[in-house]
Amino acid sequence: MCGIVGYIGNKEAWPVLVKGLERLEYRGYDSAGVAILHGGNFSVYKKKGRVAELSKFVKNENKENIFGGVGIAHTRWATHGEPSDRNAHPHLSSGGDIVIVHNGIIENYLSIKKILTEKGYKFISDTDTEVLANLIEDIKKNARVNIDEAVRLALKQVVGAYAIIVLSKDDPNTMVIAKVGSPVVIGMGRGEFFVASDATPIVEYTKKVVYLEDREMAIIKNKKLTIKTIDNKIKNPYFQKLQMKIDELEKGGFPHFMLKEIFDQPRSIEDSMRGRINIKNAVVKLGGIENYLDKLVNAKRILIIACGTSWHAGLEAKYFFEEFSLIPVGVEYASEFRYRNPVIYKDDIVIVISQSGETADTLAALQLAKEKGATVLGICNVVGASIPRATDAGIYTHAGPEIGVASTKAFTAQITALLLLCLCLAKEKNILNKKRMKELLTELEKIPKKVKEVLKVDEVVKKIAKEFKNAKNFIFLGRGYGFPLALEGALKLKEISYIHAEGFAMGEMKHGSIALVDENMPVVFIATKGPLYEKVVSNMMEVKARKGKIIAILSKGDKNIKKIADYVIEIPETSDVMMPFIASIPLQLLAYYVALFRGCDIDKPRNLAKSVTVE
Ligand code: F6R
């Protein structure tokens with residue numbers, strides 16, 4: 001969480017930094033700030049709220065000092081200290097020599113703060129970051145070292161996670177960047193450098209980038225880049241070419257990124273399977289994990305680890321793997337797994353799933369699984385992010401940048417990749433014969449078209465959303481492949497509309513939760529045709545008998561359910577296993593339109609950030 005941007009070069013830094021912050025706002029939007037080196041001093045502008053507030057403030061009153069070719073900027077997701085102008089980054093040191101932006105948490109900041117306070121340092125904010133600014137200033141002054149060495153020595157005292165960019169007014173041609181745990185990427189232009197939490201603020205200026213590894217720092221001095229470890233070992237920069245396109249970062253005529261991303265799913269699902277299936281030969285080819293197929297075949301168990309929506313994709317995968325590759329699967333919340341003493345065997349396969357590839361808990365769980373000797377595979381969307389770099393091997397989902405905070409196309413791309421992995425394993429284990437494999441792949445290939453078709457329910461869902469925009473609660477119910485979808489439907493609704501919602505395994509209702517149902521309770525049923533259809537109908541009757549308002553997602557033409565439900569959303573028929581690809585779409589649309597009618601900030605829901613890089 002939090003986004004950081006830096007620029008050093010011949011351009012005016014301000015517009016580069018502000019545009020960069022807008023791109024990174026998905027990481028947090030409690031406050032925004034910019035520091036520019038202007039006339040030998042730092043001009044620092046910061047404001048509670050969005051980047052737009054900061055721009056408005058500067059435009060109206062404070063233009064004069066924003067000119068200069070060196071600067072840093074920050075968009076915040078608050079951890080230490082409430083969202084306010086005072087706690088907004090960048091933070092200056094007491095003497096005004098150092099300015100810093102920081103993404104992460106300095107865990108031992110209180111003990112450092114105590115020592116610095118005794119030395120006479122004054123603190124304006126409640127943040128851990130201001131402590132680091134003063135620590136760097138203190139070391140620089142007392143050890144009489146230059147800025148890069150002062151940063152390095154300070155970081156040796158620091159415990160926690162960080163990506164930082166530091167400037168010193170005494171050394172105007174130097175920018176220092178360092179990271180542990182939080183991501184940072186450096187773009188190299190002609191005589192200029194761009195720094196950011198991810199590549200989105202950089203891509204329009206240069207495609208040549210280097211991702212810093214943990215415990216590395218970069219020093220840009222007199223237009224030259226040096227990379228070393230915090231232990232002072234020089235490293236060779238490893239430059240990569242960005243594949244990202246700028247139009248993927250724009251709304252493209254849609255009012256919100258979330259709606260754009262929902263409608264992008266026929267394309268994103270297709271891209272997730274592109275080049276990976278061969279129906280004629282009934283094979284799935286996953287280049288990234290090819291060398292690990294033997295290990296997969298011999299594994300006694302798969303453990304899937306993720307958070308939030310990615311966890312729901314993992315739960316779908318449990319059903320895939322158990323049905324087609326006959327292997328036991330455990331699905332774990334990364335935040336729980338990492339703090340237990342999980343029993344892991346050397347022949348376990350651990351699969352971590354993450355859209356961003358930066359989720360702190362998932363990354364820590366991955367590291368724990370590796371320490372315990374498991375083989376770790378990743379399913380990730382963001383190329384080059386920390387998680388895919390830390391796994392043994394993996395599959396990219398190729399959904400393209402997902403910018404709306406609520407995950408939509410990442411979920412369907414994740415289940416596509418996971419189903420492909422499962423089918424690949426089933427083939428290797430000779431569990432599926434060629435005919436069955438061909439049938440499944442043929443059906444999978446049709447999914448993008450069916451998703452295009454299901455998107456036509458847009459207007460129907462909009463009407464239903466309008467009816468329920470003032471609901472206080474929602475229940476989502478599913479069985480089998482529908483159960484993870486029920487959890488996902490509830491999560492989508494609560495995170496962007498702030499309506500309390502819960503998802504349940506339908507059969508569990510009568511063990512307590514059905515007590516919630518009365519005439520005011522909207523209950524969304526995933527009620528498509530499948531092996532558990534009869535049971536779904538019975539559960540629906542139970543809710544109807546208690547006067548719940550039934551919204552059913554059903555297979556096209558199902559007259560039976562139409563008679564029972566109060567509201568229906570018909571979706572194209574497909575096999576039970578492929579149903580989650582299709583039925584997730586109306587759930588996403590329902591959340592979107594309810595939030596729209598409630599006037600919520602859909603792409604930037606309160607209290608959330610897209611990339612959860614703190615634990
Ligand atoms: C919900 C959502 C979150 C993420 C979760 C994990 O819409 O987006 O629940 O799924 O924070 O993030 P990643 O997949 O980036 O690890």
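Start at 1 and go down the list; that is how both ligands and their atoms are numbered. Residue indices begin at 1 and follow the sequence shown.
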If only side-chain N and O atoms count, and only distance matters, is there a donor-acceptor pair under 3.5 Å linking Glu25 with Thr75?
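No donor-acceptor contact under 3.5 Å links the two side chains.
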
Which residue and non-hydrogen atom of the protein lie closest to [atom], and at what distance in Å?
atom: atom 7 (O) of ligand 1; value: Glu495 OE2, 2.5 Å
atom: atom 11 (O) of ligand 1; value: Val612 CG2, 3.8 Å
atom: atom 12 (O) of ligand 1; value: Thr359 OG1, 3.4 Å
atom: atom 4 (C) of ligand 1; value: Thr309 N, 4.0 Å

Ser356, any N or O under 3.5 Å of ligand 1 N or O
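Yes: some nitrogen or oxygen of Ser356 is under 3.5 Å from one in ligand 1.
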
Heteroatom distance test (Thr362, ligand 1): nitrogen or oxygen, under 3.5 angstrom
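So ligand 1 has no N or O lying under 3.5 Å from an N or O of Thr362.
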
Any donor-acceptor pair under 3.5 Å from [X] side chain to [Y] backbone:
X: Glu261; Y: Ile403; result: yes
X: Lys604; Y: Gly404; result: no
X: Thr397; Y: Gln414; result: no

Among Leu491, Leu493, Ile551, which one satisfies side chain to side chain contact (heavy atoms under 4.5 Å, CB included) with Phe476?
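Running side chain to side chain contact (heavy atoms under 4.5 Å, CB included) over Leu491, Leu493, Ile551 with Phe476 returns exactly one hit, Leu493.
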
Parallel, tilted or perpendicular: which fits the ring planes of Trp311 and Tyr333, with parallel below 30° and perpendicular above 60°?
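Parallel.
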
Decide yes or no on side chain to side chain donor-acceptor pair (under 3.5 Å) for His500 and Asn473, but give the supporting numbers first.
CA-CA 5 Å; His500 171 241; Asn473 301 286; 2.9 Å; yes

Flag the pair Phe320 / Tyr481 as yes when their ring centroid distance falls below 6.0 Å, and as no otherwise.
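Yes: the rings meet the under 6.0 Å criterion.
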
When you measure from atom 6 (C) of ligand 1 to each heavy atom in Gly308, Ala306, Cys307, which option holds the nearest one?
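Result: the heavy atom closest to atom 6 (C) of ligand 1 is in Cys307.
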
Taking a cutoff of less than 4.0 Å between a non-hydrogen atom of the residue and any ligand atom, is Lys492 in contact with ligand 1?
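For ligand 1, residue contact (heavy atoms, under 4.0 Å) with Lys492 is present.
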
May I ask whether Val405 has any heavy atom positioned less than 4.0 angstrom from an atom of ligand 1?
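Yes, Val405 has a heavy atom closer than 4.0 Å to ligand 1.
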
Within ligand 1, which atoms have a heavy atom of [X] less than 4.0 Å away?
X: Ala406; value: 7 (O)
X: Gln355; value: 13 (P), 14 (O), 15 (O), 16 (O)
X: Ser354; value: 13 (P), 14 (O), 15 (O), 16 (O)

One residue to check: Glu358. Relative to ligand 1, which of side chain, backbone, both or neither has a non-hydrogen atom less than 4.0 Å away?
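Looking at Glu358 and ligand 1, no heavy atom falls under 4.0 Å.
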
Are Arg606 and Tyr498 in a cation-pi contact, defined as NZ or CZ under 6.0 Å from the six-membered ring centre and within 45° of the axis?
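Judged by the rule, Arg606 and Tyr498 form a cation-pi pair.
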
